[in-house]
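A short write-up of the structure that comes next.
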Amino acid sequence: MLAVIYSDEFLEHKTGRFHPERPERLTSIVAALKAATWADQLQWRSPTPVNQRPIMTDLGRVHPPTYIEQIQQLAQRGGGYLDPDTPVSPRSYDVALLAVSAWLDGVDQVLQTGNPAFVLARPPGHHALSDCGMGFCLFSNAAIAAYYALEQPGINRVAILDWDVHHGNGTQAIVEKHPQIAYCSLHESPNYPGTGLATERGLHNNVLNLPMPMGSTMASYQPLFEEKVLPFLGSFQPDLLIVSAGYDANHADPLSGISLKPEDYGIFTQYCLEVTSKIIFGLEGGYDLPTLSQSVVETIKSCLFRP
């Protein structure tokens with residue numbers, strides 16, 4: 001069995017008619033998972049309501065109160081934009097808090113069972129800096145989850161693998177100074193947001209950036225996983241692996257020039273399972289609905305039917 005943490009509330013973050021980060025991303029994934037032949041092996045779980053956990057303490061490890069209040073007030077005023085790409089609607093603040101709670105539930109679920117879990121939430125988070133939302137992202141979900149995990153018994157090291165086609169500039173900026181968190185990203189370069197140089201190592205040799213040229217396929221990714229990613233994560237020996245699972249490196253995706261296929265993400269997942277079975281997959285990007293939903297199917301299938 002594999003837990004999928006999801007709520008229809010995540011559909012209430014309204015981004016506008018033509019915005020790529022739209023509610024249909026989640027409904028297409030839900031439909032694909034429920035149509036899978038192994039759908040009976042999924043445990044659908046609702047995220048913990050934000051009033052049932054100290055959510056401000058969890059956010060406060062990463063984001064200052066002034067930024068949290070900025071998002072809240074913008075939503076209360078009826079919405080607006082943090083930058084030209086990042087809308088806030090009247091429900092966005094509440095939904096973003098619930099998304100954070102879902103990622104924290106993912107931590108709890110994985111630590112309780114020792115098995116992977118998938119957090120099917122939005123808005124995404126890996127571009128959000130501590131005091132600045134950008135790139136469709138409001139709160140830095142993966143970084144918040146990593147800091148939260150380090151508060152749990154027996155968790156001394158947390159690794160984040162970001163396979164979204166865009167570099168997780170926010171995640172890296174937040175965690176690169178922390179000796180107990182490692183960050184690894186494979187991302188298209190050049191592409192938004194223009195960060196993620198291969199020369200960056202973090203303060204504790206805890207950052208590995210692998211920029212990928214336009215047109216890259218699995219033939220380029222696979223040796224990097226085997227020769228760079230696995231040794232980096234393996235030597236760090238994480239007690240928990242958080243995957244910023246963006247699926248916008250698919251060939252059909254409108255926001256990238258990388259040429260992966262949905263089944264490639266199943267192979268990525270198998271590599272992750274060589275590091276640890278304690279993995280949280282949290283949705284980031286992915287904007288072509290058919291390949292997005294099929295890529296999530298392939299990810300979860302690899303968890304359920306691992307060798």
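- Hydrophobic side-chain contacts under 4.5 Å tie Tyr81 to no other Ile, Leu, Val, Met, Phe, Trp or Tyr residue.
- Of the candidates Asp248, Val165, Leu210, Asn209, Asn209 is the only one forming a side chain to side chain contact (heavy atoms under 4.5 Å, CB included) with His187.
- Under the 4.5 Å side-chain heavy-atom criterion for ILVMFWY residues, no single connected hydrophobic cluster contains both Leu150 and Leu203.
- In summary, Glu9 and Arg91 engage in a salt bridge, as defined by a charged side-chain N under 4.0 Å from a carboxylate O.
- Here Leu129 is tied into one hydrophobic group with Met134, Tyr192, each link being a pair of ILVMFWY side chains closer than 4.5 Å.
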Run the numbers on Glu298 and Thr269 for side-chain contact (heavy atoms from CB on, under 4.5 Å), then give the verdict.
-> CA-CA 9 Å; Glu298 295 290 339; Thr269 301; over 6 Å; no

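- Just one of Pro116, Cys272, Ser277 meets the side chain to side chain contact (heavy atoms under 4.5 Å, CB included) condition when paired with Cys303; it is Pro116.
- Considering Asn169, Asn141, Thr171, Asp162 as possible partners of His126, the one that fulfils the side-chain hydrogen bond (donor to acceptor under 3.5 Å, both in side chains) test is Asp162.
- Val275 is linked by a side chain to side chain contact (heavy atoms under 4.5 Å, CB included) to Leu230, Leu233, Pro238, counting only residues two or more places apart in sequence or in another chain.
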After noting the C-alpha distance and the side-chain angles of Val4 and Ile300, does the key distance pass the side-chain contact (heavy atoms from CB on, under 4.5 Å) rule?
-> CA-CA 9 Å; Val4 179; Ile300 291 178; 4.3 Å; yes

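- For His166 and Glu188, the side-chain atoms include no donor-acceptor pair closer than 3.5 Å.
- Hydrophobic cluster of Leu255: the remaining members, joined at side-chain heavy-atom separations below 4.5 Å, are Phe136, Tyr287, listed by chain and number.
- Arg53 pairs by the salt bridge (Lys or Arg N to Asp or Glu O under 4.0 Å) definition with Asp105, Asp108, not counting sequence neighbours.
- Hydrophobic clustering, with ILVMFWY side chains joined whenever heavy atoms are under 4.5 angstrom apart, groups Met56 together with Trp103.
- When every heavy atom of Gly133 is checked against every heavy atom of Asp83, the shortest pair comes out as O-OD2, 4.4 Å.
- In this structure a side-chain-to-backbone donor-acceptor pair under 3.5 Å is missing from Ser46 to Ser7.
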Chi angles and distances behind the side-chain contact (heavy atoms from CB on, under 4.5 Å) call for Val119, Leu283 | CA-CA 6 Å; Val119 182; Leu283 185 67; over 6 Å; no

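- Judged by distance alone, the side chain of Asp253 and the main-chain N or O of Gly286 form no donor-acceptor pair under 3.5 Å.
- Judged by distance alone, the side chains of Gln172 and Glu200 do bring a donor and an acceptor atom under 3.5 Å apart.
- The number of heavy atoms from other shown groups lying within 6.0 Å of NZ (Lys14) is above 12.
- Here the side chains of Leu26 and Arg122 are in contact, with some heavy-atom distance below 4.5 Å.
- Residue pairs satisfying the ring-ring contact (aromatic ring centres under 6.0 Å, His included) criterion with at least one member in residues 248-267, sequence neighbours excluded, are listed as follows: Trp163-Tyr265, Tyr247-Tyr265, Tyr265-Phe268.
- When all heavy atoms of Phe139 and His63 are compared, the pair lying nearest together is CA-NE2, 3.6 Å.
- Side-chain atoms of Glu21 and Thr15 include no donor-acceptor pair closer than 3.5 Å.
- For the residue pair Glu69 and Gln73, no side-chain donor N or O sits within less than 3.5 Å of a side-chain acceptor on the partner.
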